[in-house]
Amino acid sequence: MGSVLLEREEALAAAARAGESARSGAGRWLVFGAAAGTGRTALLREVAGREAAGGAMRVLRADCSPEESGFPFALVRQLFPEDGEVPFADLPAAEEQMVFHRLVTRLARTADRRPVLLAVDDLHDADMASRRWLGYLARRLADLPVLLVLTECREKGTTVLPGATGTSVMLRPLGPEAVARLVSAHGHGADRAELCIRACAGNPVLVHALLADLREGPLPRSLSELDGSRYRDAIVHWIRARATPWSRRLSLALAVAGGGAALLGGALLHEAAGLCPDHRAASALRRLFSHPLAREAALAAVDPAELSALRGRIARLLDERGAPTADVAAQLLHLDRPGEEWMTQSLEDAAEDAVRGGRVDEATAFLRHALTAPLAPGRRAGLTLRLGALELPHSADAGIRRLRAALELHADRHERAAVAPALGAALVARGRTDTAMRVMSQVGSAVDDGELVRVLQTTAAVMASHDAVAWRNAVARMRELAATAPAAVEPLACGLVTEYEVGTGRLSAAEALGRVLPRLAAPVDPRLRDGWLGTAATLLQWADRLDEARALAEEALPAPPALPDLTDIGRQCLISVRAEAALWAGDFRRVIAENAPLLDACAGQGIRMPHLASMVALAHYELGHRAHARRLLAGLDEESADSSWEWNELHYARAFLHMAEGNWQAALDDYLSCGRGQSARDFVSPVATPWRSGAALALVGLGQPARALDLAEEELHHARTWATPRTVGRALRAHAAAVGGRRGLESLSEAAAVLRTAPAPVELVETLLDLGHARIDAGNSRKGREDLHEAHALALRLLAPDPTGHPDAPATGRLLRATGNALRASGARGTRRDTTGSAALTRAERRIVELAAQGQTNAQIGEVLHLARRTVETHLTHAYRKLGVTRRTQLASRLTGTGTAASSSARSLTTSG
């Protein structure tokens with residue numbers, strides 16, 4: 001049995017019984033009915049071969065075709081080619097009966113000599129005169145040694161013959177096991193078998209065609225990935241030449257509807273076929289065209305005009321039956337243009353669903369197609385505005401062009417005023433704050449509505465925070481406006497003035513919160529809502545109300561994977577607050593998860609987000625992804641930097657990385673650059689970028705404690721004015737490093753005490769490290785080790801092993817490595833302390849060795865670290881022995897491990913008494 005005859009045992013057994021009966025003189029007929037491609041012809045050939053084996057029967061064969069179906073007696077002439085009396089035209093009934101009788105008589109004489117098997121393929125394409133003769137013969141078979149075997153496509157009708165002399169056998173599609181056997185016989189595995197089961201619906205012809213087309217490698221997702229076109233051609237040929245009109249229309253409808261076919265059900269059949277369907281055939285077609293390869297092949301069989309009309313009908317059906325908007329829009333995308341309003345609305349709704357799912361490319365495709373429709377100017381402007389917002393992160397220039405077009409589409413001044421803030425925010429994100437301010441000014445100057453003018457002025461003031469000069473001017477306007485502004489505008493005006501005054505060091509956290517908190521419950525103009533939330537969240541974050549700040553951000557920002565809208569200046573601010581609040585709370589993985597997708601989308605597309613990139617880089621660095629953090633910061637184009645506060649954040653983040661790696665001078669340079677940028681904005685408070693504390697620590701590392709102390713004391717003054725534990729604790733730690741000795745120990749003790757009351761885990765770990773080392777150096781080893789153990793326990797809670805398996809991640813993060821190394825160096829119980837090499841140096845020994853390696857004398861070292869010269873000499877003697885050196889010039893080459901352990905100790909310098 002050939003492979004195509006799998007699962008045909010029942011049909012072959014019926015043929016064997018009928019053949020045996022015919023050879024014994026009692027003729028029989030047998031009809032094999034099946035769908036196209038189910039192996040009817042192959043089965044007929046197999047039956048004829050078996051029953052005629054050894055000369056047991058003589059075979060007369062006819063193959064019907066549509067081309068000959070209109071010629072009377074065409075089939076009969078194939079069976080009796082030597083009979084010259086077979087007519088070529090339809091005859092009157094009496095004459096036709098005479099011809100029928102003569103042909104049966106001739107067949108009987110032939111069968112008397114040897115039983116005859118008449119094999120007729122594709123009876124559905126036979127001419128009507130021949131079909132009538134076969135019916136005449138079937139009624140007389142009982143006394144003839146003749147076997148009549150017929151095949152027909154059941155989709156094209158069913159031949160009715162007398163049941164007394166024969167039977168019909170329905171050939172079903174191959175089952176999964178049979179297909180798997182067939183695929184295995186061709187040397188393919190289970191994955192190919194599963195593909196053939198799903199993409200061929202048990203049709204042997206399609207299985208063979210697909211097997212012939214398959215290539216090595218991954219399973220094909222489209223016809224272009226096949227190695228040939230046999231599978232496609234088989235389906236195309238069936239649709240074009242073999243399918244009934246109803247089957248063709250149903251197949252195309254199923255192919256067009258795709259996943260929506262299940263929802264449409266019977267309505268789809270009625271719409272596609274226009275008549276009562278054969279549900280058995282419909283079921284088989286549904287199985288076949290549920291696979292994308294089959295659907296793609298079917299769509300290749302029709303011309304575009306027919307396909308477009310069908311897509312329009314299917315789209316309407318899907319829309320009327322509440323199908324997912326993506327299914328409706330997928331059909332509409334194939335139309336030249338959406339010609340009706342419901343089509344445009346469906347595309348817009350589908351775009352919004354795609355945005356919520358994070359599928360921005362899909363959303364932009366829907367909106368672009370919606371804009372090809374005939375639209376009213378206002379409707380076109382709205383769609384253009386939304387499309388520009390989506391395009392902005394992925395192409396700043398394209399998004400801004402789209403937003404400019406939306407602005408120009410509006411002739412009405414009020415409508416232009418509604419679009420201008422989106423364009424302005426986009427320009428700010430592009431780094432063109434000056435242009436954004438001009439747009440806002442030009443649009444605002446044309447508006448005669450006083451309240452709308454105030455809304456535009458306040459929105460522009462939020463944008464002005466990205467330019468030092470414009471920011472001062474905007475705050476001056478906000479002072480005037482706050483006194484007379486409508487109640488719905490006043491909260492944001494007051495918040496911006498408060499934000500500026502906090503930066504100048506005039507307000508405490510309590511005073512700032514006294515302005516913000518009562519206004520959170522006040523009504524705010526919807527056009528200013530996000531700007532107000534951004535300002536309020538910033539002040540709450542600075543005041544260490546991190547959870548409340550994040551809650552305000554999450555009120556306006558979409559949940560991942562959707563990207564936030566950068567055409568809202570308030571949301572730009574909230575993105576930054578959400579990221580920095582998570583960073584301050586030590587939730588480093590959250591910083592990355594929420595913000596890396598936006599950075600990735602904007603990479604190389606013209607959107608500058610130095611603050612967000614800095615936050616993500618710092619989070620990566622804390623988790624131990626040092627190389628990735630450096631790449632993020634290096635990827636920012638500083639040549640295009642302006643006076644935006646975001647670039648100050650970049651300098652601060654870069655300085656942090658330099659400090660962590662012991663590069664004091666580079667760290668100092670960046671901290672001072674950050675300070676100059678902040679000062680240009682009148683920002684002296686340490687609430688955002690405590691650059692003086694960082695610079696003081698770098699100066700101590702460079703052996704310049706006097707300069708460090710000046711900065712540390714100034715920082716501590718501003719920190720005590722603001723009066724939150726985080727700012728005071730950070731400043732006290734820097735002060736301790738600058739003063740050293742007992743005063744330094746007192747500052748560290750106070751810092752640790754206040755930081756324990758704040759959501760400042762990173763600062764607390766760093767302070768506890770310094771405090772532990774200082775106490776050990778002062779001779780209080782027990783208490784110092786307790787501090788180091790506390791720091792290590794806190795670092796463990798912050799920096800559990802990375803569940804994502806980041807390729808750049810070491811076993812632990814920065815703080816965990818630093819605390820672990822500190823515990824080992826202290827000889828804490830349960831840790832191993834090295835007795836030789838740089839790792840064996842105590843905290844005090846390492847500080848002295850580092851200064852000596854820089855060329856400083858013992859007297860200079862004593863002055864920097866506030867130590868007696870004899871103490872310096874004693875520490876150096878011990879260090880020489882551990883390092884295995886005898887001369888000062890050998891120290892630099894033996895100081896290994898300047899990464900985590902060395903940098904952690906040096907960047908947080910404190911001094912023993």
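Keep in mind that this is a model prediction, so the values were computed, not measured.
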Inset, instruction - Check the pair Trp691 / Leu711 against side chain to side chain contact (heavy atoms under 4.5 Å, CB included), numbers first and verdict last. - result: CA-CA 9 Å; Trp691 63 270; Leu711 289 172; 4.2 Å; yes

Inset, instruction - Step by step, work out the salt bridge (Lys or Arg N to Asp or Glu O under 4.0 Å) result for Glu763 and Arg726. - result: CA-CA 7 Å; Glu763 290 85 351; Arg726 184 190 304 273; 3.2 Å; yes

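With Thr535 contributing its side chain and Trp532 its backbone, the two residues share no donor-acceptor pair below 3.5 Å.
Under 3.5 Å, the side chains of Thr504 and Arg506 contain a donor-acceptor pair of N or O atoms. Between the side chains of Ser693 and Arg730, no donor-acceptor pair of N or O atoms lies under 3.5 Å. Judged purely by distance below 3.5 Å, without hydrogens or angles, the side chains of Gln678 and Thr689 pair a donor atom with an acceptor atom. Side-chain atoms of His651 and Glu638 form a donor-acceptor pair, as typed in the model, at a separation below 3.5 Å.
Of the listed residues (Arg631, Arg630, His620), just one forms a side-chain contact (heavy atoms from CB on, under 4.5 Å) with His625, and that residue is His620. The only member of Asn595, Leu598, Leu574 that meets side-chain contact (heavy atoms from CB on, under 4.5 Å) when paired with Pro564 is Leu598.
Between the CG atom of Leu816 and the NE2 atom of His792 there is a distance of 5.5 Å, given to the nearest 0.5 Å. For the atom pair His394 NE2 and Gln605 CD, the distance stands at 8.5 Å (nearest 0.5 Å).
Taking the six-membered ring for Trp and thresholds of 30 and 60 degrees, Trp542 and Phe683 have ring planes more than 60 degrees apart, a perpendicular arrangement.
Contact check on Asp642 versus Arg608 returns a salt bridge, with a Lys/Arg side-chain nitrogen under 4.0 Å from an Asp/Glu carboxylate oxygen.
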